[in-house]
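By convention in this document, chain letters (A, B, ...) are assigned in the order of the sequence lines, proteins followed by strands, and residues within each chain are numbered from 1.
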There are 2 protein chains.
Amino acid sequence: MSVQERKQRERAERERLIVATARELAEQQGWDAVTTRRLAERIEYSQPVLYSHFRGKREIIGAVALEGATEMAVAMRAATSSANGPRERVTALARAYLDFAARNPAVYDALFQLDGGLAYAQEDTPEPLKDAFAALMETLSEVAGDGVDPGLFTEVFWASLHGLATLTRTGRLLPEHAEPRIQLLVDRLAKP
Amino acid sequence: MSVQERKQRERAERERLIVATARELAEQQGWDAVTTRRLAERIEYSQPVLYSHFRGKREIIGAVALEGATEMAVAMRAATSSANGPRERVTALARAYLDFAARNPAVYDALFQLDGGLAYAQEDTPEPLKDAFAALMETLSEVAGDGVDPGLFTEVFWASLHGLATLTRTGRLLPEHAEPRIQLLVDRLAKP
DNA sequence: GGGAGATCCTAGCACCGCTAGACAATCGAG
DNA sequence: CTCGATTGTCTAGCGGTGCTAGGATCTCCC
């Protein structure tokens with residue numbers, strides 16, 4: 001049995017290598033540069049090996065997205081846990097969110113811009129995605145305001161952050177006034 | 001001279017045909033389906049003809065984006081002009097924006113999602129883009145609130161709308177609660 | 001009418017995602 | 001220990017992509 005176990009371990013290790021390499025390449029040169037040929041060359045295997053782990057490029061993007069979702073949730077919880085008071089927590093959350101998007105553009109794209117073949121806002125949505133949304137909601141629920149559904153409020157706040165993140169990243173918004181935008185957004189949306 | 005003028009007119013006409021066909025194809029089957037070969041076949045010319053009008057596919061996307069920006073500005077101004085009071089105008093504006101995005105997904109992508117090679121938020125930004133932003137600002141300035149820069153406020157509000165539009169379109173948000181989201185957003189962001 | 005120039009198309013490049021089929025390494029049964 | 005079966009991997013290739021070089025044709029002007 002031990003031999004099979006070792007093989008399985010090696011296989012899992014190689015899968016991690018694929019995802020990590022895809023992510024690295026995407027961060028370095030953008031997702032367009034992540035071709036199956038280049039990816040195969042970097043992991044020092046032939047192309048078909050990729051397809052023994054994933055159905056195709058889309059699933060690789062999905063794997064990077066899931067990894068990113070987990071990290072993002074951790075980053076957001078870390079940021080909010082060291083802030084005092086609901087409003088400060090929301091500000092810290094917003095900053096952490098936008099910071100993550102700016103520092104990991106390729107991962108952010110995999111999560112929210114590209115098609116990774118993942119289900120969103122459904123029962124069969126993968127756990128990491130649900131958890132990232134949950135991390136948002138934990139902090140945002142405190143400032144949703146009376147009579148406002150926390151889920152709805154989280155969606156709206158999230159959409160605003162997402163808009164800021166993507167428009168900034170594609171050059172539609174200049175990054176200079178990022179901080180006042182955050183202040184204004186939190187100031188208006190957060191209720192009490 | 002008349003012959004040359006006719007030729008120029010025909011050339012301009014063909015250019016319009018290219019842009020219109022690209023847009024139509026993108027709306028029907030998505031931008032991935034807009035290949036230079038398919039596009040060339042639809043306009044009944046060979047591929048190289050496209051390159052005598054545009055540098056490449058990117059510029060064709062850019063042309064569709066500019067066309068869309070003009071239409072979007074018209075749609076937003078039409079929606080706001082028939083509303084009474086600043087708050088009603090803002091609601092109408094938000095609805096018009098999201099409605100345009102939902103009805104013209106390919107055009108919206110060309111504008112804000114894809115790379116059309118256009119400059120944004122700069123001096124050499126094409127006029128239609130500036131004007132679309134101006135259309136937003138006209139209505140939003142009224143509700144920016146005291147001491148808040150109208151430009152900054154417009155950026156934040158626009159980002160929120162953009163987030164709602166894109167997350168909804170890619171299935172990250174369910175379209176069911178679109179209206180309450182708009183209400184909540186306007187309610188919180190619009191000041192007086 | 002004939003040469004010059006504009007106009008357009010055929011053919012092809014390098015690359016893409018993805019896969020069939022050959023080959024080699026490894027395993028388990030006798 | 002040997003030998004067939006299974007597993008794993010690679011080479012080669014398919015149909016597609018954006019884009020372009022070079023030749024053919026057509027039109028205009030002298």
Side-chain angles (χ1 to χ4, degrees), chain A residues 1-19 21-23 25-26 28-65 106 109-110 114-118, chain B residues 1-19 21-23 25-26 28-65 106 109-110 114-118:
Chain A
M1 280 301 151
S2 172
V3 172
Q4 298 220 349
E5 281 176 17
R6 193 204 68 221
K7 286 207 171 189
Q8 248 183 322
R9 236 181 320 149
E10 286 174 351
R11 206 182 139 73
E13 178 55 38
R14 193 173 62 180
E15 189 159 317
R16 274 194 296 275
L17 177 63
I18 292 172
V19 176
T21 306
R23 175 175 176 170
L25 193 50
Q28 284 172 357
Q29 313 183 36
W31 276 106
D32 280 350
V34 183
T35 69
T36 55
R37 279 169 180 78
R38 252 190 289 258
L39 189 50
E41 198 196 1
R42 285 229 184 171
I43 64 168
E44 295 180 309
Y45 282 96
S46 68
Q47 284 175 278
V49 166
L50 300 174
Y51 292 87
S52 75
H53 289 272
F54 302 96
R55 275 179 200 278
K57 191 182 171 180
R58 174 202 289 229
E59 272 199 5
I60 298 178
I61 295 174
V64 172
D109 280 350
L114 301 175
D115 178 14
L118 304 175
Chain B
M1 281 302 154
S2 172
V3 171
Q4 297 220 349
E5 281 178 18
R6 192 204 68 221
K7 286 206 170 188
Q8 247 182 322
R9 235 180 320 146
E10 286 173 353
R11 205 182 140 73
E13 178 55 38
R14 191 172 64 181
E15 190 159 315
R16 274 194 297 274
L17 177 64
I18 292 172
V19 176
T21 306
R23 175 175 177 171
L25 193 50
Q28 283 172 358
Q29 313 184 36
W31 276 106
D32 280 350
V34 182
T35 68
T36 54
R37 278 170 181 76
R38 251 192 288 261
L39 190 49
E41 198 196 2
R42 285 229 184 173
I43 64 168
E44 296 180 308
Y45 281 96
S46 69
Q47 285 175 275
V49 166
L50 300 174
Y51 292 87
S52 75
H53 289 272
F54 302 97
R55 274 179 201 276
K57 192 182 171 180
R58 172 203 288 228
E59 272 198 5
I60 297 178
I61 295 173
V64 172
D109 280 349
L114 302 175
D115 178 14
L118 303 176

State plainly whether the residues B:E13 and B:R16 are in salt-bridge range, i.e. N to O under 4.0 Å. yes
Heavy-atom count check: over 12 atoms from other residues, nucleotides or ligands less than 6.0 Å from B:R11 CZ? yes
Rounding to 0.5 Å, atoms OG1 (B:T36) and OH (B:Y51) come to a distance of 4.5 Å
Quick one: label A:R38 by what it contacts on the DNA or RNA (base, sugar-phosphate, nothing), any heavy atom closer than 4.0 Å. sugar-phosphate
NA contact type, B:R14, heavy-atom cut-off 4.0 Å: base, sugar-phosphate, or nothing? sugar-phosphate
Given C:dG17, is OP1 or OP2 found less than 4.0 Å from the side-chain N or O atoms of A:T36? yes
Check the distance between D:dG18's P and A:D32's CG and give it to me in whole angstrom. 12 Å
CD of B:E10 versus P of C:dA6: gap in Å, rounded? 17 Å
Detail all sub-3.5 Å separations between protein N/O atoms and N/O atoms belonging to nucleotides 9-11 of chain C.
from, atom 1, to, atom 2, distance (Å)
C:dC9, OP2, B:S46, N, 3.1
C:dC9, OP2, B:S46, OG, 2.7

How about B:V34 and B:I60: do any of their side-chain heavy atoms sit closer than 4.5 Å? no
Report yes or no: is there a donor-acceptor pair, N or O only, under 3.5 Å between the side chain of B:R37 and the base of D:dG16? no
Roughly how far, to the nearest 0.5 Å, is the CD atom of A:Q28 from the OG1 atom of A:T21? 10.0 Å
Mark yes when over 12 heavy atoms from residues, nucleotides or ligands other than B:E10 sit less than 6.0 Å from its CD; otherwise mark no. yes
